[in-house]
Amino acid sequence: MKKNKKILIIIVLFIITYSLFEIIINKYKDEQLFEAKWNAPDTTLAITINGEISTTFPTSSAYETSVECTTGTGKVEWNGSKWVLTTSGITKGSTKCNATFNQTLKQSILANNEVKAPLTTPGREVSAYTLDDVTTTSTAIVASTYQKYYVTYGTGWEANGAKLNLTGTAVTSDTYANSYSSLVGKYLVSNSYYYFGSSTVGATATTTNLSCVYYVVSATSSSFTYKPLCSNKNKLEAELASTEDDYGTSYYFRGAVKNNYVQFANKCWRIVRINGDGSVKLVLHNDNTSSSSNPCAASNNSTTAAFAKYSGSTYNTAFNSSYNYNAYIGFMYGTTSSSDYASTHANINKSTILTNLETWYKDNLTSYESKLADTIWCNDKSTFTTLSSGRKYGTGLGYGTSHTGYGAYNRLDGDGAASYANPSLICPNDNNGGKLSKFTVSDTINGNGNLTYKIGLLTADEIAFAGYAYGAQNTTVYFQENATGSWWWALSPEHFGGGFATVWGVNGGDGYFGGASVNNSFRVRPSISLVSSTTISGGSGTSEDPYVVKS
């Protein structure tokens with residue numbers, strides 16, 4: 001009797017809980033889809049997670065995946081709540097498929113963070129502020145009639161679009177006159193007793209869609225002193241947001257972030273952003289010269305840990321030791337006294353800070369080169385003659401000692417008005433349409449190929465996206481941790497004027513963001529990018545449990 005050639009292929013799982021995922025497999029002959037069963041011995045599935053054999057699929061999306069089958073093809077995809085495996089073209093009843101899951105840094109970041117719009121405008125405002133930043137206080141008198149009212153209050157507040165809602169809301173169990181002391185440290189819906197209370201026991205005033213809330217600083221039986229919070233920006237900002245860069249969509253951390261720590265190369269780093277090509281940009285958080293087992297732990301914090309000791313115990317460096325020509329705004333530069341733009345900004349001579357970065361790289365990162373991405377380091381040398389406000393500025397020549405403003409100055413200074421500030425992660429071409437500003441090592445398609453090593457500094461625009469604003473102070477941005485001991489350099493030129501070449505930097509002490517003459521002795525804070533395929537052995541991104549890059 002002829003064997004029936006119509007075979008239904010079924011997957012057998014090793015003690016796999018069906019609720020974690022779905023297996024869907026094609027019937028070879030007519031391509032109909034069948035749900036997998038668990039009792040057929042002729043097709044098996046093996047699962048490998050981060051190199052370890054597993055009996056279940058992962059429960060989060062933080063993985064790069066691949067599927068290999070002895071016949072046919074397969075793929076596994078995250079459907080928003082679980083992994084779904086599909087196969088097709090299987091021609092034999094005895095087929096083995098291996099599903100491999102590698103936890104990547106990039107996917108872990110995206111899985112652990114919801115991408116949100118910034119609460120404050122990058123480059124125009126600091127990344128929100130706390131109650132302590134509100135210095136205005138006022139006193140309200142409570143008339144005797146209203147001292148008998150019961151008061152609605154909240155223990156906190158939350159943003160509701162442009163409005164505010166109280167949280168932890170309740171009504172005092174006694175009259176204002178008898179319970180006023182319990183209101184200190186609470187939030188009221190109004191500074192008027194007419195609106196925040198009621199003569200009826202338990203009656204609640206409206207606690208949502210408020211234009212302002214009022215924090216009670218002190219109180220007596222007949223008055224209270226308060227701070228008005230009339231913006232939902234009175235909230236400490238901490239989020240992952242997005243914008244475009246040279247490669248596509250970039251996801252950047254902003255504000256008082258606490259889950260962007262990475263342990264790599266025996267050092268602790270903070271994640272600045274996922275670049276548009278999938279690589280992950282980091283900035284040094286702890287040089288870890290003491291070789292701590294967890295350099296990210298808060299117990300290892302200090303005011304200078306985020307700065308590179310590039311020569312013995314030396315932290316400080318000039319950006320360039322000379323300052324009296326336009327050329328010295330360059331990460332690399334050309335002929336200092338030249339009378340044309342191209343010669344001035346040709347990438348021939350290494351800056352002082354680049355030389356010191358290279359020394360630190362050779363001492364610390366040489367053996368990790370394969371994990372580093374060759375991404376653009378933007379030393380924006382483009383010039384302008386008209387500010388965003390429409391006002392004329394400088395000559396735009398960019399050579400000799402001519403008064404010249406460079407691109408980041410126009411984007412971030414805003415002509416002294418925050419409304420004009422508009423940072424960008426897209427690196428402009430130089431004045432001649434070339435790539436003088438776009439430093440890379442070997443990538444000559446996107447960059448200039450002038451660097452020796454894959455290392456650089458953060459741009460002023462990246463610093464603005466993280467939460468700083470020109471001329472303002474901000475001590476809540478995650479860059480401040482371990483970096484309060486000194487100014488540190490950015491990579492972006494500011495301008496040449498008054499005989500000085502200036503470059504952007506951050507004052508770690510008070511969080512001031514602005515430009516300084518290149519001959520100043522500031523700290524060097526290295527930045528690198530990890531390749532998009534970088535895998536991690538675990539971690540949640542906190543200081544005590546950082547993401548750990550596989551060696």
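The structure presented is a predicted model; accordingly, all values stated were derived computationally and were not measured.
A cation-pi arrangement is not found for Arg273 relative to Tyr251, the charged atom failing to lie both closer than 6.0 Å to the ring centre and inside a 45° cone about the ring normal.
For the pair Ser242 and Thr249, the tightest heavy-atom approach, listed with the atom from each and the gap, is CB-CG2, 4.1 Å. The shortest heavy-atom contact between Thr136 and Pro228 is O-CD, 3.5 Å.
Note: Phe101 and Phe57 have tilted aromatic rings, judged against thresholds of 30 and 60 degrees for the angle between ring planes. Trp504 and Tyr470 have perpendicular rings, their planes meeting at more than 60° on a 0 to 90° scale where under 30° would count as parallel. Aromatic ring orientation, Phe264 versus Trp269: tilted (interplanar angle from 30° to 60°). Relative ring orientation between Trp488 and Phe479 is described as perpendicular, the plane-to-plane angle rising above 60° on a 0-90° scale split at 30° and 60°.
Pairs passing the disulfide bond (SG atoms under 2.5 Å apart) check and including a residue from residues 259-305, sequence neighbours excluded, read Cys268-Cys296.
Within the 3.5 Å criterion, the main-chain N or O of Asn165 finds no donor-acceptor partner in the side chain of Asn160. Judged by distance alone, the side chain of Lys371 and the main-chain N or O of Lys550 form a donor-acceptor pair under 3.5 Å.
A 6.0 Å sphere centred on CD of Glu68 holds no more than 12 heavy atoms belonging to other residues, nucleotides or ligands.
Aromatic rings from Phe522 and Trp487 are positioned such that their centres are separated by under 6.0 Å.
The only member of Asn379, Thr375, Asp380, Asn429 that meets side chain to side chain donor-acceptor pair (under 3.5 Å) when paired with Lys438 is Asn429.
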